[in-house]
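All of these numbers come straight from a predicted model, not from anything done at the bench. Naming: A, B, ... by sequence-line order, numbering from 1 per chain.
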Amino acid sequence: MKYNFNEIEAKWQKYWRENKTFKAENNSDKPKYYVLDMFPYPSGAGLHVGHPLGYIASDIYSRFKRHQGFNVLHPMGYDSFGLPAEQYAIQTGQHPAITTEANITRYREQLDKIGFSFDWSREVRTSNPDYYKWTQWIFIQLFNSWYNVDADRAEDIARLISAFEVAGNAQVNAVCDDDVAVFTAAEWNEYTWEEKQSILLKYRLTYLAETEVNWCPALGTVLANDEIVNGVSERGGHPVVRKKMMQWSMRITAYAQRLLDGLDRLDWPQPLKESQTNWIGRSKGASVKFKIDGHDEFIEVFTTRPDTIFGVTFMTLAPELELVKAITTAEQKEAVESYIEATAKRSERDRMADVKTISGAFTGAYAIHPFTEEKIPIWIGDYVLASYGTGAVMAVPCGDQRDHDFANHFNIPIKNIFEGVDITEEAFADKDNTKIANSDFITGLGFKEATQLVIERLEAMGQGEGKINYRLRDAVFSRQRYWGEPFPVYYKNGIPQMIEAEHLPIRLPEVEKYLPTETGEPPLGNANVWAWDTDKNEVVSNDLIDNETVFPLELNTMPGWAGSSWYFNRYMDAINENEFASQEALNYWKDVDLYIGGSEHATGHLLYSRFWQKFLFDRELLPVDEYAKKLINQGMILGTSAFVYRVEGENKFVSKGLKNNYKVQAIHADVSFVNASDELDVEAFKNWRPEFKDAEFVYEEDKYLVGREVEKMSKSKYNVVNPDDICEEYGADTLRLYEMFLGPLEQAKPWNTAGITGVAGFLKKLWRLYFDDNGLVVTDNEPSKESLKTLHKTIKKATEDVANFSFNTSVSGFMIAVNELTAHKCHERAILEPLAILISPYAPHIAEELWASLGHAESISTAKWPEFDEKHLVESSKEYPVSFNGKMRFKKELPLDLTKEEIEKVIMADERTQKQLNGRTPKKVIVVPGKIINIVG
RNA sequence: GCUCGAGUGGUGGAAUUGGUAGACACGUUGGACUUAAAAUCCAAUGAACAGUAAUGUUCGUGCGGGUUCAAGUCCCGCCUCGAGUACCA
């Protein structure tokens, strides 16, 4: 019987579907295990061989855990809101929902062909109203919460309101906007409803605020940083300006410290944890208030070096700061204004790219040094960022290189406050070797003591305090797009109001155009039926807006990360209509045991989702505050592009080896035209495009050879390899094994089908242990000692390798096992039955077929994992490598029960030893029993 | 610039606590089967030198040092590539 993979794979995929083999139960006596993949965005291009790499690894792990007796949750779904579908809608008018549906269907077909053990009954799609209903619901929970710093957790906003009613806000320790005024209980109770609402908005965990965005007037839309190239829009090349817009933000900064602390408890890759740590960017220092000469305002700065306060010779403010206009003197007005204007025109990219140019302007105003009371000039400069800290720095040119450069450029004095350090050429920033000089009460002290003392004095004066600052900023949550979750928000006198949870979901309205409106409003501004009727509790026509009972709805939609920030919890109870997930399900599954995905999500999805998890935990909606115990990053699979060489100005192509004789252009050829030896199928290439039809080809040794280069796998580079084609030609089991065999899971690696025949051959060889041309050849005979040894060696290796996620080495292990068993002519059931189980997580279709052929009626998927027995591996002798001065010269088989002395005696007596020594007497003989013998001398 | 990761045959890669470098696979070469090809099977295959050969010697894990009986593995100093990040006060 031949191994017919197409037939076998179709058969078992059908079986699994019909028998719901991989459906996970929410009640089970078995221990739970939750294996999660980062869900994909269903793009129009379909899957290529790079996508399934992580899915194959997680599938192997899931299947392994099932063999070990776990109740495994292994779900899949789609992050189905997103820009490409919207872009396509703008171009074609096709509703994004239709495009998305078609893409999902294609993804599903492709995924099914690879034989994944997903529980599809739990599929989620972020663009499905049954799902985004709960995304909207979580948004409402965030709106109705504030962060109590004393309790270090989020609490119901109602508690904050009662606190205000009783004692005002002076005693409240909350994370909130900076500009909250102090009020008493009496004042609070006197405020109008609107006043109360606008104060509460400064405390809510999601809030409206003016945020700077990249606005492109010509496109009428906001652009992401990577949609801007050289200060103009990538599409169309229109100018982009920075503009303030009222947008929803998430108060993620309230969780900065907990997000940082939580990392210690997570088994995540170190580089990923580090990038989150850097992103959060905690720094310890002090905030210092400087009085401004002749003004009532203060300049508040954050500094990590309070010990250098006597080295301050100027202040620098970010040009965007409101304060700048207020303090600028008449003489400096013109210079300052033109500088501010120039800065506004420069995009953040420009400012970033151009670090060398030093620019700034003097405001004419002076700050007063808190200790010396000296007058310090106040400058503005675009090296100070409005969005970090307070947007102001106390400039210490002797201790900070940027301040040093700025001072030199504008001839501002530099004061040296370090003992024994020359600062004429560059600043001295070494905290550890600092000894402060010329600094009044801290002269002679080191960094630590001086810092401590300065903070104490500032606190006593009411002009500063110790402070911890974070780089992390609150996350903007509004998008001026169509294809995203609508906010459950309407506006009453400009005050945002949440729609009651029972009326969710608020469905995306139909629009005629997916572009922004002519007045520059987001696409939802095109909807005619987009108003909220507070009597009927439904979405009604805009004509009915009276601002009495019918109000306009929010026009922005939520960003891509909204739906992906909690989907892993939804999988636990995916079709619950009454809750985002039941407490029973949440308490049973609790968290993800293994999460596999790309490292590109390190500071986006993986940070936001931890934030939401902690928030929902605080509000007692979830049992744990970190959702993924272990995370693994899979490496990218790269494409191997193929190039042909066209002689410039001619329709003539020369083979790779001849290209240096001509002036040629390299042109991408589709990799499907090229075989494993880099030979081009010239006919196929000619038929590819009309302009190649009559091309001339110059061969070397009767062949046309292409050049190869490793690049990112992409449609535009014609190096995409489709998994369907591989499944068709070699089978899904071969694809799965080969993707694992390519190398370590975490490493990036080029895709090259050259080696796939080796894996395909392995499966054929495996099959032949069970079948010959006439049928099953498995016997119930006693297996040989050698075969038992092979089996148990393989059990050990397979079990260890899966535990270490070293799937490439386990595949080699299987190859070795099959090679050995073939050599032993092994056909015994006692060997072949456990072998099928070992291989089943990797090549599940063939394993099911072999299992069924051995007479089992049940699927192999829950068969018990074979147990390793040491006794089959016990050896009585060892072939010792014998080294001379560390170089292995020969081997000698010796019994393992010999003592060191006995081994030495036998080895010294060996004639090969004497030959090596050539008459010399060894200085030393090292014997490590069971390992090695080394003779020195 | 900073942070992290990685450099091993023609190729993908393996190597436990420092203990036989190159497992496994591809490719290549030779052979068997075949009218032929494909498929399959068998053998050889890090490099250099010597030898008809068995075999032997030397070199060899990015580079230069060091520790050790023994280093791909540990330590010090570099180089190259990749990823992330960026005027963070």
Side-chain angles (χ1 to χ4, degrees), chain A residues 269-275 277-279 281-283 285 301-305 308 316 318 348 351-358 381-385 387-396 399-403 405-406 429 469-473 599-600 602-603 633 635-636 638 640 676-677 708 737-738 741-744 746-759 761-762 764-765 768 800 806 808-819 822 879-891 915 922-928 930-937:
Chain A
Q270 203 50 39
L272 197 151
K273 290 209 242 183
E274 255 153 51
S275 70
T277 304
N278 293 338
W279 193 262
R282 182 186 199 266
S283 47
V301 302
F302 174 75
T303 175
T304 54
R305 296 296 304 273
T308 64
T316 317
E348 214 163 71
R351 273 166 77 165
M352 254 154 53
D354 183 16
V355 186
K356 300 240 164 62
T357 318
I358 295 160
D382 69 3
Y383 78 97
V384 177
L385 305 176
S387 52
Y388 181 74
T390 57
V393 302
M394 59 174 225
V396 183
D400 182 287
Q401 194 55 43
R402 286 157 317 185
D403 296 343
D405 295 343
F406 196 88
N469 210 39
Y470 299 92
R471 196 183 82 109
L472 185 71
R473 303 174 205 170
S599 55
E600 67 272 22
T603 52
N633 290 131
M636 205 185 351
L638 304 163
T640 312
S677 318
R708 305 227 86 158
L737 281 167
Y738 187 57
F741 187 63
L742 274 178
E746 300 91 332
Q747 241 170 60
K749 49 211 162 254
W751 178 263
N752 187 344
T753 34
I756 202 165
T757 53
V759 178
F762 157 73
K764 284 184 202 165
K765 239 170 142 176
R768 259 180 273 122
E800 285 171 358
S806 178
N808 54 326
T809 53
S810 46
V811 177
S812 317
F814 295 140
M815 289 176 169
I816 294 168
V818 168
N819 288 346
T822 305
E879 193 180 32
Y880 278 92
V882 183
S883 299
F884 291 80
N885 298 317
K887 280 186 189 123
M888 203 276 290
R889 294 301 178 189
F890 63 88
K891 292 176 193 169
K915 196 182 155 206
K923 288 200 194 92
K924 208 172 182 184
V925 178
I926 313 270
V927 177
V928 184
K931 282 247 162 85
I932 198 169
I933 297 155
N934 190 17
I935 297 166
V936 187

Mind checking if [X] touches a base, just sugar-phosphate, or nothing, with heavy atoms under 4.0 Å?
X: A/Asn934; answer: base
X: A/Ile926; answer: base
X: A/Arg889; answer: sugar-phosphate
X: A/Asp403; answer: nothing
X: A/Val936; answer: sugar-phosphate
X: A/Asn808; answer: sugar-phosphate
X: A/Pro744; answer: sugar-phosphate
X: A/Lys891; answer: base

B/U17 phosphate, OP1 or OP2, under 4.0 Å from A/Lys931 side-chain N/O: no
Could you please name the option among [options] that lies closest to any side-chain atom of [X]?
X: A/Phe741; options: B/A89, B/A25, B/A23; result: B/A25
X: A/Ile816; options: B/A89, B/A25, B/A23; result: B/A23
X: A/Thr757; options: B/G27, B/C4, B/A86; result: B/G27
X: A/Lys749; options: B/G13, B/C24, B/C41; result: B/G13
X: A/Lys924; options: B/C88, B/U85, B/C69; result: B/C69
X: A/Lys764; options: B/G84, B/U20, B/U40; result: B/U40

Where the chi angle of B/G77 falls, syn if within 90° of 0 and anti if not: anti
Between atom [atom1] in [X] and atom [atom2] in [N], what is the gap in whole Å?
X: A/Glu800; N: B/A15; atom1: CD; atom2: C1'; value: 14 Å
X: A/Lys887; N: B/G19; atom1: NZ; atom2: C1'; value: 16 Å
X: A/Met888; N: B/A21; atom1: CE; atom2: C1'; value: 10 Å
X: A/Tyr880; N: B/A70; atom1: OH; atom2: P; value: 21 Å
X: A/Tyr738; N: B/C24; atom1: OH; atom2: C1'; value: 13 Å
X: A/Glu274; N: B/A86; atom1: CD; atom2: C1'; value: 16 Å
X: A/Asn633; N: B/A6; atom1: CG; atom2: P; value: 13 Å
X: A/Asn278; N: B/C88; atom1: CG; atom2: P; value: 13 Å

Exercise: identify the closest heavy-atom pair between A/Ala395 and A/Tyr383: CB-OH, 4.4 Å
Heavy-atom closest contact (A/Phe302 atom, A/Ser283 atom, distance): CZ-O, 3.5 Å
So what's [N] paired with, Watson-Crick or G-U wobble, going by both distances under 3.5 Å?
N: B/U17; value: none
N: B/G9; value: none
N: B/C74; value: B/G66
N: B/U35; value: none
N: B/A89; value: none
N: B/U3; value: B/A83
N: B/G60; value: none
N: B/G30; value: B/C42

Which residue lies more 5' along RNA chain B, comparing A/Asn819 with A/Leu742 via nearest heavy atoms: A/Leu742
Comparing A/Phe302 and A/Ser806 on RNA chain B - which has the more 5′ nearest nucleotide: A/Ser806
Between [N] and [M], how far apart are the two [atom1] atoms, rounded to whole Å?
N: B/U80; M: B/G31; atom1: P; value: 48 Å
N: B/G66; M: B/G13; atom1: P; value: 32 Å
N: B/A38; M: B/C33; atom1: P; value: 16 Å
N: B/A53; M: B/U61; atom1: C1'; value: 32 Å
N: B/G10; M: B/G46; atom1: P; value: 11 Å
N: B/C74; M: B/A15; atom1: P; value: 14 Å
N: B/G9; M: B/C24; atom1: C1'; value: 14 Å

4.5 Å side-chain heavy-atom contact, A/Ile932 and A/Met888: no
Residue pair A/Asn819 / A/Lys765, side-chain heavy-atom distance below 4.5 Å: yes
For [Y], does its backbone N or O pair with a side-chain atom of [X] as donor and acceptor, under 3.5 Å?
X: A/Lys749; Y: A/Pro744; value: yes
X: A/Asp403; Y: A/Val396; value: yes
X: A/Tyr880; Y: A/Gly930; value: yes

Partner set under salt bridge (Lys or Arg N to Asp or Glu O under 4.0 Å) for A/Glu800, not counting sequence neighbours: A/Lys796
